[in-house]
Amino acid sequence: MSSFEKFDIDFYESNYSTDNQGQSYDGSGATTSVYGSKTGWTSDPRQSEAFAAPETLSSSQPYAGQIFQPAYTSDFPSDHTYADSFDEEPPLLEELGINFDHIWQKTLTVLNPMKPADGSIMNETDLTGPLVFCLALGATLLLAGKVHFGYVYGTSALGCTAIHALLNLMSIASVPYGCVASVLGYCLLPMVILSSYAVFFSLQGILGTLLALIIIGWCSLSASKIFTSALAMEGQQFLVAYPCALLYGLFALMTVF
């Protein structure tokens with residue numbers, strides 16, 4: 001039995017004295033000893049300062065550092081990134097190749113044959129205006145009692161193919177088929193004006209013939225001017241204007257007769 005008590009004393013042996021037991025709180029913020037003094041408590045004063053209350057440390061040693069705020073990085077873009085990318089996207093009509101500013105500039109260039117053509121704008125495969133003008137030509141012919149939609153589109157396709165092959169033989173740089181179709185389609189606008197006149201008046205006469213010749217020269221001059229400026233074919237405008245005049249002469253025959 002004595003050996004067990006000795007083992008128990010050895011097992012719980014520490015530097016804590018029983019004299020420290022019995023501290024009481026008197027309500028005034030001070031602690032009093034009931035059983036004895038605190039002389040038995042042996043500890044490092046630096047350790048007691050380490051475990052002191054945060055209020056005590058903050059009052060005695062103010063913190064003068066900076067709070068570290070880690071930057072949040074995510075593999076997925078935020079909503080603000082999506083909003084910025086959406087605002088920077090071009091309009092839907094421009095993505096589809098429909099630019100009303102360029103259409104208006106090309107139309108003014110065709111209506112004014114003496115105006116210099118901008119080669120950067122004309123060298124585009126914009127088919128919005130040509131399709132509208134072909135449809136308008138067929139509609140005005142229909143109002144005059146002539147159902148020639150098939151003739152209009154068939155003649156346009158064959159004429160664009162022939163002039164495309166001719167321009168590739170004459171020019172140093174190759175020209176795309178869409179650019180040829182775009183220029184010839186925009187230059188069809190004066191022919192739409194002639195077919196609109198034919199709705200109200202007859203063109204089978206001297207006046208109608210002269211008016212048709214003027215419109216043919218107008219269309220061919222505008223087309224040749226645009227081709228020479230876009231393909232850098234200086235001095236070859238009249239050579240390009242001749243096949244264009246033959247093509248627009250077919251549209252004039254549809255309009256007059």
Side-chain angles (χ1 to χ4, degrees), residues 96-99 102-111 113 117-142 144 146-196 198 212-257:
L96 296 177
I98 302 175
N99 193 334
H102 290 183
I103 292 174
W104 179 247
Q105 292 182 11
K106 292 179 182 179
T107 304
L108 292 179
T109 304
V110 172
L111 293 177
D118 190 359
S120 61
I121 297 178
M122 294 302 172
N123 195 10
E124 296 179 354
T125 58
D126 177 24
L127 298 179
T128 305
L131 290 177
V132 172
F133 293 154
C134 288
L135 184 60
L137 179 61
T140 52
L141 292 176
L142 181 62
K146 305 172 184 178
V147 185
H148 291 338
F149 283 98
Y151 295 134
V152 170
Y153 287 107
T155 305
S156 301
L158 293 177
C160 291
T161 303
I163 294 181
H164 174 258
L166 181 63
L167 290 176
N168 283 326
L169 294 175
M170 295 177 62
S171 63
I172 299 176
S174 60
V175 54
Y177 182 83
C179 178
V180 176
S182 177
V183 173
L184 293 176
Y186 274 103
C187 294
L188 195 63
L189 179 58
M191 196 63 62
V192 176
I193 299 175
L194 179 64
S195 62
S196 301
L213 292 176
I214 293 173
I215 294 299
I216 292 172
W218 188 357
C219 295
S220 59
L221 182 61
S222 299
S224 60
K225 176 191 66 175
I226 295 172
F227 281 132
T228 54
S229 62
L231 301 177
M233 300 172 62
E234 290 80 4
Q236 304 182 28
Q237 183 174 358
F238 291 101
L239 295 177
V240 178
Y242 177 70
C244 294
L246 295 178
L247 174 62
Y248 291 113
L250 296 177
F251 291 107
L253 290 176
M254 295 180 194
T255 304
V256 174
F257 301 102

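This is a predicted model, so every value here is computed, not measured.
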Is the closest side-chain heavy-atom distance between [X] and [Y] below 4.5 Å?
X    : Y    : result
T155 : M254 : yes
C244 : L184 : yes
I215 : F251 : no
L111 : W218 : yes
Q237 : L221 : yes

Looking at every non-hydrogen atom in both residues, tell me the closest pair between [X] and [Y] and how far apart they are.
X    : Y    : value
V192 : A136 : CG1-CB, 4.0 Å
C134 : Y153 : CB-CE2, 3.9 Å
M233 : S171 : SD-CB, 3.8 Å
V180 : C160 : CG1-O, 3.8 Å
I226 : C187 : CD1-SG, 4.1 Å
V110 : P190 : CG1-CD, 3.9 Å

[atom1]-[atom2] distance between [X] and [Y], expressed to the nearest 0.5 angstrom:
X    : Y    : atom1 : atom2 : value
S156 : L158 : OG    : CG    : 9.0 Å
I216 : L246 : CD1   : CG    : 9.5 Å
T161 : Y177 : OG1   : OH    : 3.5 Å
L194 : L141 : CG    : CG    : 9.0 Å
L137 : I193 : CG    : CD1   : 11.5 Å
H148 : T255 : NE2   : OG1   : 8.5 Å

Within 6.0 angstrom of [X] [atom1], more than 12 heavy atoms from elsewhere:
X    : atom1 : result
I172 : CD1   : no
F149 : CZ    : yes
Y242 : OH    : no

Taking side-chain hydrogen bond (donor to acceptor under 3.5 Å, both in side chains) as the test, write out the residues that go with [X], two or more places apart.
X    : answer
H164 : N168
Y186 : D126
T140 : S195

Review point. Does the S220 side chain pair with the main chain of G217, one donor and one acceptor, at a distance under 3.5 Å?
Key: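 Yes; judged by distance alone, with no hydrogens or angles, the pair exists.
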
Point to revise | Donor-acceptor contact below 3.5 Å, side chain S182 vs main chain G178 | key: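 Flag not set: sc S182 to bb G178 has no pair under 3.5 Å.
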
